[in-house]
Number of protein chains: 2
Amino acid sequence: MATSAAQKRAHAKTEYDAFLAGCPSRQLLERISDKWVALVLAALGGDDAGGAARHGGSQRRSMRYSELSRRLAGVSQKMLTQTLRSLERDGLIIRTVTPTVPVTVTYELTDLGMSLQHVMYGVKDWAEAHMGAVLANRTHYDTVHS
Amino acid sequence: MATSAAQKRAHAKTEYDAFLAGCPSRQLLERISDKWVALVLAALGGDDAGGAARHGGSQRRSMRYSELSRRLAGVSQKMLTQTLRSLERDGLIIRTVTPTVPVTVTYELTDLGMSLQHVMYGVKDWAEAHMGAVLANRTHYDTVHS
DNA sequence: CAGGATCCCGCTAGATACTG
DNA sequence: CAGTATCTAGCGGGATCCTG
């Protein structure tokens, strides 16, 4: 249609649309749709191993590089560093360097990071909660589809 | 902070831990942490283009292959088909073939799929909502870090 | 300790062509 | 219309070595 006026009005709130290939939000969606992002945020969001003290998991927690590295089993330094840099650049986490004898670096969620952690935690939690159902569905699917 | 008994009970549900490299939930997290998954679920979850009729977005919507292909701008048939197969195998969507003259295939969310759509919508929505802030942070970061 | 820099392999995503 | 099949380029991501 010629009049883009109507479209603009509808766009008011939805300035960005991830369904559109060229939209920046599409790239952002791609970035945050990453297992390492989910796990880093979950770790900094206070998602403890035992599953305790979570649910909304609102207390943010400062962690050192080596702590994160240990927590995210199997992550390479490259991916961890790369993920941390990306998150820092996007303003989701803050990197603090303390010039102790061997230098100490800690990472912490920003408020913006906390807001994302909230939704990303849901994804990680979903995966853990529905793993059994998914596994069953896969077996069924593989059985049916010879 | 009381007895660990309470924790253990809460633990009962947390049979899987995505922080562990070998855990199946780690792979599942990796699968669903995908932009195409997010977009397919959002589309089938009734996330309309104009931004209308959403929020909790609870009405599921049946869509044809070509509809999805058009909706997810820029997706290749390979990626779309691959994503749809994966989601079907995991029991998140249902594929229905109607033997009309040119065959008609429709996709629809299952209840399990709806539950994931709920959390994934949050991710897509976050990306669109905080795009501006992230963009500003990036500019700032790039400015500071010569 | 917390990375930076390289090398390099593998797999994935994209393009293209073909089919029921 | 709704895919399947094939080929290939590109880069994601791991391994390794080095540094402040």
Side-chain angles (χ1 to χ4, degrees), chain A residues 18 20-22 26-40 43-44 61-89 93-108 141 145-146, chain B residues 18 20-22 26-40 43-44 61-89 93-108 141-142 144-146:
Chain A
L20 305 176
R26 167 74 70 94
Q27 268 96 316
L28 182 56
L29 177 61
E30 189 165 9
R31 289 241 174 130
I32 63 181
S33 294
D34 178 62
K35 66 175 169 181
W36 299 127
V37 168
L39 293 176
V40 165
L44 294 178
R61 190 213 250 191
S62 167
M63 291 181 78
R64 301 185 57 174
Y65 183 87
S66 52
E67 277 186 287
L68 284 167
S69 161
R70 251 174 282 115
R71 186 93 182 83
L72 309 197
V75 69
S76 62
Q77 325 94 322
K78 183 182 177 180
M79 287 316 296
L80 181 55
T81 301
Q82 193 171 297
T83 301
L84 291 171
R85 285 287 170 281
S86 174
L87 292 176
E88 186 195 2
R89 190 167 104 100
I93 62 176
I94 288 190
R95 177 175 181 269
T96 308
V97 181
T98 308
T100 49
V101 183
V103 70
T104 302
V105 180
T106 60
Y107 293 92
E108 195 172 359
Y141 182 92
H145 297 69
S146 58
Chain B
L20 305 177
R26 166 74 70 93
Q27 268 97 314
L28 182 56
L29 177 61
E30 190 165 9
R31 291 244 170 127
I32 64 182
S33 293
D34 178 61
K35 66 175 169 181
W36 298 128
V37 169
L39 293 175
V40 165
L44 294 178
R61 191 213 248 191
S62 166
M63 291 181 77
R64 300 185 57 174
Y65 182 89
S66 52
E67 277 187 287
L68 284 167
S69 159
R70 252 174 282 115
R71 186 92 182 84
L72 309 197
V75 69
S76 61
Q77 324 94 322
K78 184 182 177 180
M79 287 315 297
L80 182 54
T81 301
Q82 194 171 297
T83 302
L84 291 171
R85 286 287 172 282
S86 175
L87 292 176
E88 187 195 1
R89 189 168 104 101
I93 63 176
I94 289 189
R95 178 175 181 268
T96 308
V97 182
T98 309
T100 48
V101 183
V103 69
T104 302
V105 179
T106 60
Y107 293 91
E108 195 172 0
Y141 183 92
D142 293 344
V144 175
H145 298 69
S146 59

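Order of the sequence lines sets the chain letters (A, B, ...), proteins ahead of strands, with each chain counted from 1. Only this structure's heavy atoms are used, side chains among them; waters, hydrogens and symmetry mates stay out.
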Quick one: which of A:L44, A:I32, A:V40 gives a side-chain contact (heavy atoms from CB on, under 4.5 Å) with A:L87?
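Of the listed residues A:L44, A:I32, A:V40, the side-chain contact (heavy atoms from CB on, under 4.5 Å) partner of A:L87 is A:V40.
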What is the separation between atom [atom1] on [X] and atom [atom2] on [N], rounded to the nearest whole Å?
{"X": "A:L80", "N": "C:dC1", "atom1": "CG", "atom2": "C1'", "result": "13 Å"}
{"X": "B:H145", "N": "C:dG3", "atom1": "NE2", "atom2": "C1'", "result": "14 Å"}
{"X": "A:L84", "N": "C:dC1", "atom1": "CG", "atom2": "P", "result": "16 Å"}
{"X": "B:E88", "N": "D:dA2", "atom1": "CD", "atom2": "C1'", "result": "13 Å"}

- Phosphate OP1/OP2 of C:dC1 contacted by A:T104 side-chain N/O (<4.0 Å): no
(message) Counting only side-chain nitrogens and oxygens, does B:R64 get under 4.0 Å of the OP1 or OP2 atom of D:dC1?
(response) no
Passes side chain to side chain contact (heavy atoms under 4.5 Å, CB included), A:R95 versus A:R85? Steps please. CA-CA 9 Å; A:R95 177 175 181 269; A:R85 285 287 170 281; 3.6 Å; yes
Does any part of the side chain of A:T98, heavy atoms only, come nearer than 4.5 Å to the side chain of A:T106, both counted from C-beta?
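No, side chains not in contact.
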Is the shortest heavy-atom distance from the side chain of A:Y65 to the side chain of A:Q77 under 4.5 Å?
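Side-chain contact under 4.5 Å: yes.
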Per-nucleotide protein contact along nucleotides 4-20 of chain D, 5' to 3', at a 4.0 Å heavy-atom cut-off (B base, S sugar-phosphate only, - neither), is S--------BB-B----
Residues at least two apart in sequence or cross-chain that pass side-chain contact (heavy atoms from CB on, under 4.5 Å) with A:A18, listed by chain then number, are A:S25, A:L29, B:L39, B:K124, B:E128
Read 5' to 3' with Watson-Crick or G-U pairs under 3.5 Å, [ ] for crossing pairs and | for partners on another strand, DNA chain D gives .|||||||||||||||||||
